[in-house]
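Taking it in order: structure first as C-alpha cells, then the write-up.
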Amino acid sequence: MAKVLRAEAFQVDVPVETLRTDAVQQFIKQETVFVEITTDDGRTGLGYAYTIGTGGSSVLALLRDHLLPRLAGKDARRIEHIWHDLFACTRSTTVGAITSLALAAVDTALWDLHCLRAGEPLWRMAGGFRQEVPLYDTEGGWLHLSTEELVKGAKETAQQGWQGIKMKVGKPDLAEDVERLEAVREAVGERFAIMVDANQSMTAAEAIRRADAFKNVDLTWLEEPLPADDVSGHVKLAQKTTIPIAVGESLYSVAQFREYLERGAASIIQVDAARIGGITPFLKVAHTAEAFNADVCPHFLMELHVSLAAALPNGKFVEHIPQLRAITKGELTVHNGHALAPDTPGLGIDWDRDAMDDLRVA
C-alpha cells in the first residue's frame with residue numbers, strides 16, 4: 001500500500017533570469033506552485049506547475065480548497081484513478097488553465113512517487129525510448145533583441161553544437177521580421193534549424209502573408225501563429241504554406257490536440273506537462289500525436305520535459321529556457337548538442353529546498 005498521509009501545496013516565486021519578450025507579453029516571474037505528497041510507505045513526492053506572472057494564488061486556492069482534501073487515504077499508486085477523480089470534482093472549471101495547472105502539480109508529485117518507488121528515472125518509466133534528445137535554444141531569440149544580438153546568440157549556439165534556435169516574430173513591420181530572420185540564416189548556414197514563434201499574435205490572413213515572406217529562410221516550424229482557439233484559421237494556414245505549424249502550449253486537453261491533428265491544423269505538437277494537467281495526459285497527447293505521425297517538441301519546462309521527450313519515439317526536440325536554477329542544485333546536462341535525461345530515480349530534478357524556502361510566498 002502507498003496510502004496518502006499528507007498533501008501540502010505552496011508557492012515559490014522565481015525571478016526571471018533575463019528579460020524575455022514576445023509579440024504579446026513579457027515574462028514577469030515564474031509563480032511556481034508545488035505539491036508535496038507523503039505516503040505511509042515513508043516516501044515523499046514533489047510535483048509542480050507554473051504561471052509566468054499571474055494566477056499562481058488561484059491555482060494554490062483550488063488545490064487547498066478542493067483537490068488536496070480528496071487525496072487523504074488514497075492509494076498513490078492509482079495515478080489514473082486519482083487524476084480522473086480530481087478532474088470530475090472540478091468539472092465546472094474544466095477545461096481551463098487554472099484547473100489543469102492544479103491537476104499537474106498533483107500528477108507530477110504522484111509520478112515522482114511512482115518513479116521513486118520503482119527506483120527508476122522518469123524517462124525510463126514513461127517509455128524509455130532513448131536518454132538524450134536534440135536541444136534548441138530560445139533564450140537568445142527574444143523579440144526585444146537587436147539583429148546583431150540575435151546573430152551573435154545564434155552563432156554561439158551553433159558553435160556549441162546545439163541543433164537550432166527559436167526566434168520570436170511579430171514585429172509591426174513585416175520587413176523587420178524578414179531582415180532579422182535572413183541575417184540569422186546567413187550567419188548559421190543551411191543545416192542549422194531556425195524555428196519562429198508568433199505567440200498567437202496574428203490573424204489567419206496575416207499569418208499566411210508572413211509565412212510566404214519567410215519561405216526562403218527554410219524554417220523548421222512556425223509556432224502559435226494564431227489564437228489557440230482558431231482551429232479553422234490554422235487549417236487555412238497549413239494549407240497555404242509548406243512551413244510546419246506548431247501548437248500546444250495554450251491547449252489544455254487531449255481532445256483539443258486531437259482536433260488539431262484530425263483537421264491537419266498542426267504537425268508539430270508542443271504539449272506542456274503543466275498546462276495539460278500533468279504527465280498522465282501529456283503521454284496521452286504524445287501517443288495521439290504518434291498515431292498521426294507527428295513530432296512532439298514540448299514547450300518550456302526543460303528540466304521535466306527532457307525526460308518526457310526522451311521517453312517517446314516521436315520526441316523531437318527539447319527547448320532550452322533556463323528558469324529553475326535559482327531553486328535547483330543541478331544544471332541540464334548537454335552532450336553533443338543533445339539534452340541528457342537524468343538517471344536519478346524520480347522526476348530527476350535536484351531541488352534546493354533552502355532556496356525554495358527563501359523564495360516561498362507567505
Side-chain angles (χ1 to χ4, degrees), residues 17-18 20-23 27 123 129-143 145 147 149-170 177 180-199 214 217-225 243-249 266-273 282 286 289 294-325 331-342:
E17 295 197 7
T18 186
R20 297 175 180 143
T21 61
D22 58 42
F27 196 139
W123 72 269
F129 187 76
R130 67 173 81 78
Q131 194 174 357
E132 56 183 44
V133 188
L135 185 69
Y136 75 90
D137 183 58
T138 294
E139 198 74 322
W142 302 108
L143 198 65
L145 296 174
T147 301
E149 289 171 317
L150 291 171
V151 168
K152 181 176 182 290
K155 283 183 174 180
E156 291 173 352
T157 299
Q159 288 166 1
Q160 292 171 17
W162 293 15
Q163 306 297 297
I165 184 173
K166 184 162 73 183
M167 296 170 54
K168 300 293 184 175
V169 294
D177 268 348
R180 289 155 65 88
L181 287 170
E182 290 181 344
V184 171
R185 172 56 75 202
E186 183 178 357
V188 297
E190 297 179 358
R191 297 186 179 182
F192 189 72
I194 300 176
M195 302 80 162
V196 296
D197 184 359
N199 292 97
F214 298 161
V217 183
D218 188 22
L219 297 177
T220 300
W221 70 63
L222 171 56
E223 178 176 334
E224 282 203 316
I243 302 171
I245 306 303
V247 301
E249 69 180 82
S267 54
I268 305 292
I269 299 304
Q270 297 179 299
V271 57
D272 182 316
F282 178 102
D295 289 329
V296 171
C297 305
H299 165 255
F300 195 40
L301 293 185
M302 65 183 192
E303 299 85 358
L304 177 63
H305 285 150
V306 61
S307 297
L308 295 176
L312 304 168
N314 56 333
K316 181 72 171 179
F317 277 109
V318 171
E319 179 177 23
H320 179 262
I321 305 179
Q323 181 53 34
L324 290 180
R325 289 189 288 202
E331 293 269 357
L332 184 73
T333 301
V334 180
H335 176 69
N336 290 335
H338 289 66
L340 185 67

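Worth knowing before you read on, the calculation uses all heavy atoms, side chains too, and leaves out hydrogens, waters and symmetry mates.
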Task: Reported CG-to-CG distance for the pair L135 and N336, which is rounded to 0.5 angstrom - done: 12.0 Å
Task: With H299 via ring pair (Phe, Tyr, Trp, His ring centres under 6.0 Å) - residues at least two apart - done: none
Open item on the list: Please check: side-chain N/O of D177 versus main-chain N/O of G170, any donor-acceptor pairing under 3.5 Å?
Closed with: yes
Open item on the list: I'd like to know whether V196 forms a side-chain contact (heavy atoms from CB on, under 4.5 Å) with L181, so could you lay out the CA-CA distance, the side-chain angles of the two residues, the decisive distance to 0.1 Å, and finally the verdict.
Closed with: CA-CA 9 Å; V196 296; L181 287 170; 3.4 Å; yes
TODO: List in chain and number order the residues that pass salt bridge (charged side-chain N to carboxylate O under 4.0 Å, His left out) with E186, two or more places apart in sequence or in another chain; answer none if no residue qualifies.
DONE: none
TODO: Would you mind listing every salt bridge (charged side-chain N to carboxylate O under 4.0 Å, His left out) that reaches into residues 294-305, with sequence neighbours excluded?
DONE: none
Task: Side-chain donor/acceptor of Q131 to backbone N/O of A341, under 3.5 Å - done: yes
Open item on the list: To the closest 0.5 Å, what do you measure between CG (L222) and CD1 (I245)?
Closed with: 4.5 Å
Open item on the list: I'd like to check the salt bridge (charged side-chain N to carboxylate O under 4.0 Å, His left out) partners of K155; sequence neighbours left out, ordered by chain and number.
Closed with: none
Task: Salt-bridge contact E190-R185 (side-chain N to carboxylate O under 4.0 Å) - done: no
Open item on the list: So R20 and I321, do their side chains get closer than 4.5 Å, heavy atoms only?
Closed with: yes
Task: K168 side chain near N199 side chain, heavy-atom distance below 4.5 Å - done: yes
TODO: Return the minimal non-hydrogen interatomic distance between I165 and G140, and the atom names on each side.
DONE: CD1-O, 4.0 Å
Open item on the list: Test your reading of the model: is there a side-chain donor-acceptor pair from E182 to the backbone of R180, 3.5 Å cut-off?
Closed with: no
Open item on the list: Does either side chain, that of E139 or that of W142, offer a donor lying less than 3.5 Å from an acceptor on the other one?
Closed with: yes
TODO: Report the residues that fulfil salt bridge (charged side-chain N to carboxylate O under 4.0 Å, His left out) with E331, sequence neighbours left out, ordered by chain and then residue number.
DONE: R325
Task: Whether Q163 side chain and Y136 backbone form a donor-acceptor pair below 3.5 Å - done: no
Open item on the list: Does I194 form a side-chain contact (heavy atoms from CB on, under 4.5 Å) with M167? I'd like the steps, not just the answer.
Closed with: CA-CA 7 Å; I194 300 176; M167 296 170 54; 4.3 Å; yes
Open item on the list: Could you measure the distance from the CD atom of E319 to the NZ atom of K166? Nearest 0.5 Å is fine.
Closed with: 3.5 Å
Task: Residue from E223, H305, E249 passing side-chain hydrogen bond (donor to acceptor under 3.5 Å, both in side chains) with Q270 - done: E223
TODO: Show the numbers, then the answer: is there a side-chain contact (heavy atoms from CB on, under 4.5 Å) between Q160 and V334?
DONE: CA-CA 10 Å; Q160 292 171 17; V334 180; over 6 Å; no
TODO: Could you check if a side-chain atom of P322 sits within less than 4.5 angstrom of a side-chain atom of T18, using non-hydrogen atoms only?
DONE: no
Open item on the list: With rounding to the nearest 0.5 angstrom, report the CG to CZ distance, D272 to F282.
Closed with: 8.5 Å
Task: G164 versus T157, closest heavy-atom pair with distance - done: O-CG2, 3.7 Å
TODO: Evaluate side-chain contact (heavy atoms from CB on, under 4.5 Å) for V184 paired with F192, printing each intermediate quantity in order.
DONE: CA-CA 10 Å; V184 171; F192 189 72; 5.8 Å; no
Side-chain donor/acceptor pairs under 3.5 Å, residues 307-318, sequence neighbours excluded:
residue : atom : partner : partner atom : Å
N314    : ND2  : A286    : O            : 3.1
N314    : ND2  : A294    : O            : 3.1

Task: Main-chain N/O of M302 paired with H320 side-chain donor or acceptor, under 3.5 Å - done: no
Task: Atom pair CG/OG1 of D218 and T220 - distance to nearest 0.5 Å - done: 7.0 Å
TODO: List the atom of A289, the atom of I269, and the distance in Å for their closest heavy-atom pair.
DONE: CB-CG1, 3.9 Å
